Amino acid sequence: MKSKYLLILFIIVISSLTALAQDISEMRVVGTPEFLPSELIASEKRDANGEKCAGLIIISNVSGLTFDSYNGIVETRIQPGKYFLFLSPSERTIEVFSTEHASLKIFLLDYGIQLRSGEVWQIKIAGSKSLSRADKNLFNVIFQLNQDSVYSWYGDLAPIHTNGNIIAFKIPEGTYTFNFQKKGYNTEKKEISVNKDVTESVTLSKGGSLTGTLRLPGIAVITSEPNSAEIILNRQQLGTTPYQGNL
């Protein structure tokens with residue numbers, strides 16, 4: 001009898017893992033990366049060390065992509081199907097995140113990409129359109145801000161601090177008012193009717209000050225086994241594990 005129960009449990013676990021594997025699709029680099037000699041970076045676009053940036057254009061059929069890198073992304077400009085990353089010329093690794101796919105780590109040298117100040121490369125990334133069962137009724141809402149280190153929220157939810165200048169939500173259909181705050185800047189609000197994936201720009205203007213809306217943060221450290229589990233708080237995508245941030 002015990003062996004029978006163990007067999008049933010084993011079958012349930014294997015079935016669950018198989019279903020999960022079918023829900024998670026992957027992104028991949030397609031074709032050969034291109035060097036674009038006609039694309040140039042403006043001299044005032046500099047990294048944290050004062051070096052003139054290099055550029056990486058990512059063309060993709062996957063919407064709502066976000067990015068990270070070893071040295072940190074200097075700036076991201078988004079157009080439909082096209083992402084322009086301003087990077088440190090010493091950058092060697094880019095990680096690509098999607099709400100619909102497993103994350104993709106790109107080692108640039110493996111694809112023959114040698115970044116140099118002022119120069120631009122282009123790479124194409126493809127991914128299947130399959131969604132996990134939990135995501136089928138949710139839409140990606142991506143905000144690109146002119147400032148980093150911003151607090152954002154919608155409705156009566158608590159503000160969440162984001163280090164970079166891209167803020168992503170995963171929410172059901174409806175109309176929402178999003179709020180954006182940063183010390184020394186006026187509070188910006190955006191009302192959006194969501195019935196598809198959306199990418200919006202947000203410009204914060206200097207002036208104003210934070211009032212009692214925001215509170216001193218605590219530090220949250222989140223790990224998982226395995227790593228790269230997606231973290232969503234108040235429908236906002238914080239990133240993947242391992243994670244440490246102020247909440």
Side-chain angles (χ1 to χ4, degrees), residues 27 29-98 103-126 141-152 161-168 180-188 190 198-209 237 239 245:
M27 295 181 288
V29 175
V30 295
T32 302
E34 300 177 67
F35 173 63
L36 305 178
S38 61
E39 293 277 355
L40 299 174
I41 303 293
S43 59
E44 63 269 16
K45 193 65 65 176
R46 303 273 172 170
D47 66 8
N49 297 319
E51 292 188 79
K52 185 177 179 180
C53 287
L56 180 65
I57 296 174
I58 294 180
I59 305 296
S60 181
N61 66 339
V62 181
S63 62
L65 292 180
T66 57
F67 307 90
D68 198 3
S69 69
Y70 183 80
N71 294 321
I73 307 294
V74 176
E75 184 180 328
T76 304
R77 294 181 180 174
I78 303 175
Q79 294 177 329
K82 182 178 180 179
Y83 304 82
F84 198 121
L85 309 184
F86 293 88
L87 305 168
S88 168
S90 62
E91 188 59 72
R92 296 295 178 264
T93 305
I94 303 293
E95 191 161 9
V96 185
F97 300 96
S98 165
S103 62
L104 172 66
K105 184 168 287 188
I106 302 173
F107 298 98
L108 299 179
L109 292 178
D110 290 350
Y111 293 92
I113 299 175
Q114 176 69 59
L115 297 179
R116 293 185 177 87
S117 294
E119 297 183 350
V120 179
W121 284 79
Q122 179 174 286
I123 193 169
K124 295 180 180 179
I125 296 175
V141 179
I142 311 295
F143 294 101
Q144 182 178 3
L145 290 83
N146 66 328
Q147 300 293 323
D148 57 11
S149 193
V150 173
Y151 286 89
S152 62
H161 181 260
T162 302
N163 289 322
N165 68 332
I166 294 180
I167 301 175
F180 306 90
Q181 279 193 349
K182 180 176 181 176
K183 186 175 182 180
Y185 291 81
N186 294 312
T187 298
E188 182 72 19
K190 270 196 177 274
V198 177
T199 299
E200 291 276 342
S201 296
V202 176
T203 301
L204 296 179
S205 57
K206 288 190 175 182
S209 61
Q237 299 164 243

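From a predicted model like this one, the values you see are computed outputs, not experimental measurements.
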Student: Closest heavy-atom contact between Ser88 and Val74?
Tutor: N-CG2, 4.3 Å
Student: To the nearest 0.5 Å, what is the distance between CD1 (Ile167) and CD (Gln237)?
Tutor: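 Those atoms lie 11.5 Å apart.
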Student: Mind checking the NZ-CD spacing from Lys206 to Gln147? Nearest 0.5 Å is all I need.
Tutor: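 Between atom NZ of Lys206 and atom CD of Gln147 there are 7.5 Å.
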Student: CG of Leu115 to CD1 of Ile94: how many Å apart, nearest 0.5 Å?
Tutor: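 Answer rounded to 0.5 Å: 7.5 Å.
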Student: Which atom names give the shortest non-hydrogen contact between Ile125 and Ser60, and what distance separates them?
Tutor: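 Answer, listing the atom of Ile125 first, then Ser60: O-OG, 2.9 Å.
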Student: Show your reasoning for whether side chain to side chain contact (heavy atoms under 4.5 Å, CB included) applies to Ile166 and Ile73.
Tutor: CA-CA 11 Å; Ile166 294 180; Ile73 307 294; over 6 Å; no
Student: Mind checking whether Tyr70 and Glu91 have side chains closer than 4.5 Å, heavy atoms only?
Tutor: yes
Student: From Lys105 NZ over to Asp110 CG, what is the distance, rounded to the nearest 0.5 angstrom?
Tutor: 12.0 Å
Student: Search all heavy atoms of Phe86 against all heavy atoms of Ile41 and return the closest pair with its distance.
Tutor: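 For Phe86 and Ile41, the tightest heavy-atom pair comes out as CE2-CD1, 3.8 Å.
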Student: Decide yes or no for Lys45 and Lys52: does some side-chain heavy atom of the first lie under 4.5 Å from some side-chain heavy atom of the second?
Tutor: no
Student: Go through the side-chain N and O atoms of Ser205 and Asn186 and say whether any donor and acceptor fall under 3.5 Å apart.
Tutor: yes
Student: To the nearest 0.5 Å, tell me how far Ser103 OG sits from Leu65 CG.
Tutor: 11.5 Å
Student: Side-chain contact, heavy-atom cut-off 4.5 Å: Gln181 with Thr187?
Tutor: yes
Student: Between CG of Leu87 and OG of Ser69, what distance do you get to the nearest 0.5 Å?
Tutor: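 Rounded to the nearest 0.5 Å, the CG-OG separation comes to 6.0 Å.
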Student: Any non-hydrogen side-chain atom of Glu75 less than 4.5 Å from a side-chain atom of Phe84?
Tutor: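 Not touching, per the 4.5 Å side-chain cut-off.
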Student: Between Lys190 and Glu188, is the salt bridge (charged side-chain N to carboxylate O under 4.0 Å, His left out) condition met? List the steps.
Tutor: CA-CA 7 Å; Lys190 270 196 177 274; Glu188 182 72 19; 5.6 Å; no
Student: Return the minimal non-hydrogen interatomic distance between Ile142 and Ala168, and the atom names on each side.
Tutor: CD1-CB, 3.5 Å
Student: Measure the shortest side-chain to side-chain distance between Asp47 and Pro89 over non-hydrogen atoms and say whether it is less than 4.5 angstrom.
Tutor: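 With C-beta onward as the side chain, the pair touches.
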Student: Can you find a pair of side-chain heavy atoms, one from Val150 and one from Val202, that are under 4.5 Å apart?
Tutor: no
Student: Any side-chain heavy-atom pair from Thr162 and Leu145 closer than 4.5 angstrom?
Tutor: no
Student: Tell me, do Val141 and Glu200 make a side-chain contact under 4.5 Å, heavy atoms counted?
Tutor: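 A side-chain contact is absent here, since even the closest heavy-atom pair is not under 4.5 Å.
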Student: Looking at every heavy atom in both Met27 and Leu104, which two are closest together, and how far apart are they?
Tutor: O-CD1, 3.8 Å
Student: Output all residues satisfying salt bridge (charged side-chain N to carboxylate O under 4.0 Å, His left out) with Asp148, sequence neighbours left out; order by chain, then residue number.
Tutor: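 Residues passing salt bridge (charged side-chain N to carboxylate O under 4.0 Å, His left out) with Asp148: Lys182.
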Student: Side chain to side chain contact (heavy atoms under 4.5 Å, CB included) between Asn146 and Leu204: does it pass, once the steps are laid out?
Tutor: CA-CA 7 Å; Asn146 66 328; Leu204 296 179; 3.8 Å; yes
Student: Which heavy atom of Trp121 sits nearest to which heavy atom of Gly112, and what is that distance?
Tutor: CH2-O, 3.4 Å
Student: Using the ring of each side chain (for Trp, its six-membered ring), is Tyr83 parallel, tilted or perpendicular to Phe67, with breaks at 30° and 60°?
Tutor: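 Taking Phe67 first and then Tyr83, their aromatic rings stand perpendicular (interplane angle over 60°).
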